[in-house]
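All values reported here derive from a predicted model rather than from experimental measurement. Here is the naming used below: chain letters follow the sequence lines, and residue numbers restart at 1 for every chain.
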Amino acid sequence: MTKLVERTVTMMTKAEARARREEIIRQVGGDEQAFRDRADAYALDAEELALYDELEGLDYLLDGVVV
Amino acid sequence: MASSSDLVASLAEQAQQFADRLTTSVHSVAARCAPFQATAVAEALRFRVLQDPDTGIPLSVAGVPILTLKVSYDCTLDRQDRYLAVDGSKVSVYAGVKASGEPLFRYEYVRRMRADIPAAHLQIHAHRDAITFAMDRSGGGTRRARERRDSDAVPRLAELHFPLGGHRFRPCLEDVLEMLVEEFGVDCSPEGRETLRDGREQWRRRQVGTVVRDAPEEAIEVLADLGYQITFPEGAIPPAGNPHRLRDF
């Protein structure tokens, strides 16, 4: 993972992003659908909600992979 | 044609500037919060800009945190691969010192939104107790908050005035009517839908003209970028514009 332009832009590789995604799913118990269902029901605590936001961000970024 | 790595570098630079602008604005209400963070996957022409800490930025009244702000922007390059374009944004406000559960309200924008939901919208989640609890703890720094603080009356959600784009970018009647059709199933024929869209387009085109008069320098820059040649009569005084309309709440 490379930090660009001081410390506010982080560049990840596709592999790092996928690995982080898997790590998040492990952290929330391994069942992504159950986690998403709890997010849809606004049933996440603060740390879980932060992980959910990160997961959504990774999905957005990985969707844009061009090569 | 720019290479993929050039485009990523350009996007990274613009994401940095964008994150810095968000940080500057949020420092107005949370002076010690960390800078916004931008994250990208190297092979993607996309960035996500997010607040730090990831549990949200606490907002205080008289030094006591009572609300938490979460902000995210999903960014890419525009169709010309030149300027940063926002694919989606979310600004959510929660009660308490960390964002959890359900927000009080959230402003969202989704560029590729399904047709039956407005691309830019405000969703109010607040159950009456949650919002009145936060309102009851209003500070004394502004007239409206002070009056609420000093009043014995139970605060009402209806007292809050949510911003909706100011003078120039406010929703039009057609937006409200189509919302009633979509959300409440109010009767409307397919022809009626088209009439609403025609009305909305007319409104927005008129507002584009008004905004150009507010900020002609920006209009000239964009038109020149599109290939137009714009000259002003020699000796004439360029119009000053009307920038305060763009600054008003």
How close do B:A12 and B:F47 get, counting heavy atoms only, and between which atoms?
CA-CZ, 3.2 Å

Among B:L177, B:V181, B:L180, find the one that has a side-chain contact (heavy atoms from CB on, under 4.5 Å) with B:C188.
B:V181

In terms of heavy-atom proximity below 4.5 Å to chain A, should B:K90 be classed as side chain, backbone, both, or neither?
neither

Let me know if B:T23 has heavy atoms under 4.5 Å from chain A in its side chain, its backbone, both or neither.
neither

Under 4.5 Å heavy-atom distance to chain B, tell me which part of A:L61 shows up: side chain, backbone, both or neither.
both

As an exercise: rank A:L58, A:D53, A:L51 by heavy-atom pairs under 4.5 Å with chain B and give me the winner.
A:D53

Hey, are B:D136 and B:R148 close enough for a salt bridge, meaning a charged N less than 4.0 Å from a carboxylate O?
no

Tell me, for B:T39 versus chain A, whether the close heavy atoms (under 4.5 Å) come from the side chain, the backbone, both or neither.
both

Looking at every heavy atom in both B:T68 and B:G96, which two are closest together, and how far apart are they?
OG1-O, 2.6 Å

Side chains of B:E13 and B:L84, heavy atoms from C-beta outward: is any pair under 4.5 Å?
no

Chain B contact via A:E48 - which portion, at a heavy-atom distance below 4.5 Å:
neither

